[in-house]
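Here the structure is laid out as structure tokens; the discussion comes afterwards.
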Protein chains: 2
Amino acid sequence: MRRSKAEATETVRTLLEVARAHFTEHGYANAALESIVQEANVTRGAVYHHFRSKKELFRVVLENAQREVADRVEREASTSDDLWQQLRLGCRAFVMAAVEERNRRILLIDGPAILGWETWREMDRAHSMRLLREQLGTMRDHGFFPAIPLEVLTHFISGGLNETALWLANQALQPNVADETMKALDALLEGFKHFR
Amino acid sequence: MRRSKAEATETVRTLLEVARAHFTEHGYANAALESIVQEANVTRGAVYHHFRSKKELFRVVLENAQREVADRVEREASTSDDLWQQLRLGCRAFVMAAVEERNRRILLIDGPAILGWETWREMDRAHSMRLLREQLGTMRDHGFFPAIPLEVLTHFISGGLNETALWLANQALQPNVADETMKALDALLEGFKHFR
DNA sequence: TTGTTTACATACATACTGTTTGTATGCTAA
DNA sequence: TTAGCATACAAACAGTATGTATGTAAACAA
């Protein structure tokens with residue numbers, strides 16, 4: 001029965017992929033491990049060999065998703081070297097990524113509920129929120145928004161983006177709605193300039 | 001065994017109260033109905049007589065919490081008749097209410113995860129978000145933020161407030177942190193004035 | 001007063017997660 | 001090269017939770 005090391009990592013990969021699809025489609029609570037392992041052509045024994053629990057499996061899935069999103073955000077933002085433009089592009093990329101079905105529920109809805117807000121926040125801090133915070137920090141060092149503590153500003157914008165993405169995802173996905181939303185975000189961020 | 005009508009509504013009241021405490025302390029998933037009914041001195045039969053499911057019980061608990069918060073927000077906001085001041089007071093009251101332990105998890109974390117984002121959003125729309133939206137609508141009619149679609153602005157601010165409240169709740173609750181946060185919120189909202 | 005409905009309790013079915021144990025096979029050191 | 005061990009799983013089992021079907025005594029309506 002035993003598989004080679006290469007086969008084992010492949011098993012884990014498949015498991016993570018299938019699990020992500022099931023968590024996305026049914027939500028964590030309604031995603032039965034049994035269904036997941038059936039689709040991955042293993043048994044629940046395999047899961048509990050590689051992961052301590054269903055929650056742990058979810059944690060790894062979430063972490064992968066967060067890394068993906070953060071990478072996209074960073075890549076987009078780095079295409080400019082104007083601070084404001086970087087912020088704009090980053091926020092835009094984040095919303096576009098969070099809107100996608102394979103990210104949305106896992107990242108923004110189940111994440112905090114399943115792992116607890118503190119754990120989720122800690123993970124988020126290491127990924128997408130980290131980028132936002134760093135960017136805002138740099139901007140503050142250049143004299144922006146002196147009146148607002150960095151923490152509060154970061155969380156406010158982050159929360160605003162999250163909610164906006166969730167709302168946008170539930171709109172009939174006409175592309176012009178997405179465009180208008182992005183323009184509105186631009187305008188909002190533009191407003192922060194006045195804090196200089 | 002049968003109780004009078006008055007006793008029955010009392011049973012429901014107790015059930016809702018105990019359930020709210022358990023949902024608050026352990027989260028929806030880890031709050032066993034069995035523990036809830038034991039503390040309420042009934043059996044699970046009573047629950048399934050008055051509610052269709054555990055989820056339905058949670059829905060009613062959530063609705064009560066939302067109503068409470070919305071009432072507080074409205075009451076606070078109505079103490080002024082300056083539009084900006086109303087917005088400030090309302091946001092402030094919302095954050096203060098959402099920070100409280102008995103509201104936080106139910107309102108902001110488990111709500112969307114358990115009932116699904118769409119259902120939760122619909123309920124929220126009828127309560128706290130409704131107030132925010134109306135206020136912003138009135139302000140727009142007075143010429144504020146013409147560049148931003150009302151929907152986007154409402155969701156962005158609402159999400160920002162939610163996340164800010166969650167963050168604030170997890171800070172060591174020094175009162176000056178709360179005060180500073182509130183001042184920062186003031187500054188943020190102040191920034192929106194420039195959209196006029 | 002009697003028939004009916006209500007407000008539960010109780011027993012049971014069902015569905016998951018998680019644990020234990022077993023086992024075939026890859027890997028490694030002598 | 002092979003003996004011995006570790007690994008990657010499978011399979012059966014145990015525990016816990018929700019939800020359902022049924023029973024029953026009291027309240028209420030007639």
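Here is the naming used below: chain letters follow the sequence lines, and residue numbers restart at 1 for every chain. These numbers come from a predicted model, not from an experiment.
- We find that NE2 of His26(B) is positioned 12 Å from P of dA17(D), with the value rounded to whole Å.
- For the 3.5 Å distance criterion, the side chains of Arg20(A) and Asn103(A) qualify, holding a donor opposite an acceptor.
- Residue contacts for Ala29(A): at a heavy-atom cut-off of 4.0 Å it reaches no nucleic acid atom on any strand shown.
- Between Ile36(A) atom CD1 and dC16(C) atom P the separation is 12 Å, expressed in whole Å.
- For Ala46(A), whose side chain is taken as the heavy atoms from C-beta onward, the closest listed nucleotide among dC9(D), dT17(C), dA9(C) is dC9(D).
- For the pair His50(A) NE2 and dA10(D) C1', the interatomic distance rounds to 13 Å; values are reported in whole Å.
- Between Thr11(B) and dC8(C) there is a side-chain polar atom (N or O) within less than 4.0 angstrom of OP1 or OP2.
- Side-chain rings of Trp167(A) and Phe156(B) stay apart, their centers remaining 6.0 Å or farther from each other.
- At whole-Å resolution of the value, CG in Asn41(B) and C1' in dC8(C) are 14 Å apart.
- Taking atom CG of residue Asn30(B) and atom C1' of nucleotide dA17(D), one finds them 11 Å apart after rounding to whole Å.
- Taking atom NZ of Lys54(B) as the reference point, atom P of dG19(D) lies 8 Å away to the nearest angstrom.
- Distances were taken from every side-chain heavy atom of Tyr48(A) (C-beta onward) to each of dG19(D), dC9(D), dG18(C); the shortest belongs to dG18(C).
- Checked by atom type, the side-chain pair Glu39(A)/His22(A) shows a donor-acceptor distance below 3.5 Å.
- The environment of CD in Glu25(B) is sparse: at most 12 heavy-atom neighbours from other residues, nucleotides or ligands sit within 6.0 Å.
- Taken to the nearest 0.5 Å, the CD atom of Gln135(B) stands 8.0 Å off from the CG atom of Leu132(B).
- Between Arg44(A) atom CZ and dC16(C) atom C1' the separation is 8 Å, expressed in whole Å.
- Residue Ser53(A) has its side chain nearest to dG18(C) when only dG18(C), dT10(C), dG19(D) are considered.
- Taking side-chain N and O atoms only, His49(B) has no distance below 4.0 Å to OP1 or OP2 of dC8(C).
- Protein atom OH of Tyr28(B) is 13 Å distant from nucleotide atom P of dA17(D), rounded to whole Å.
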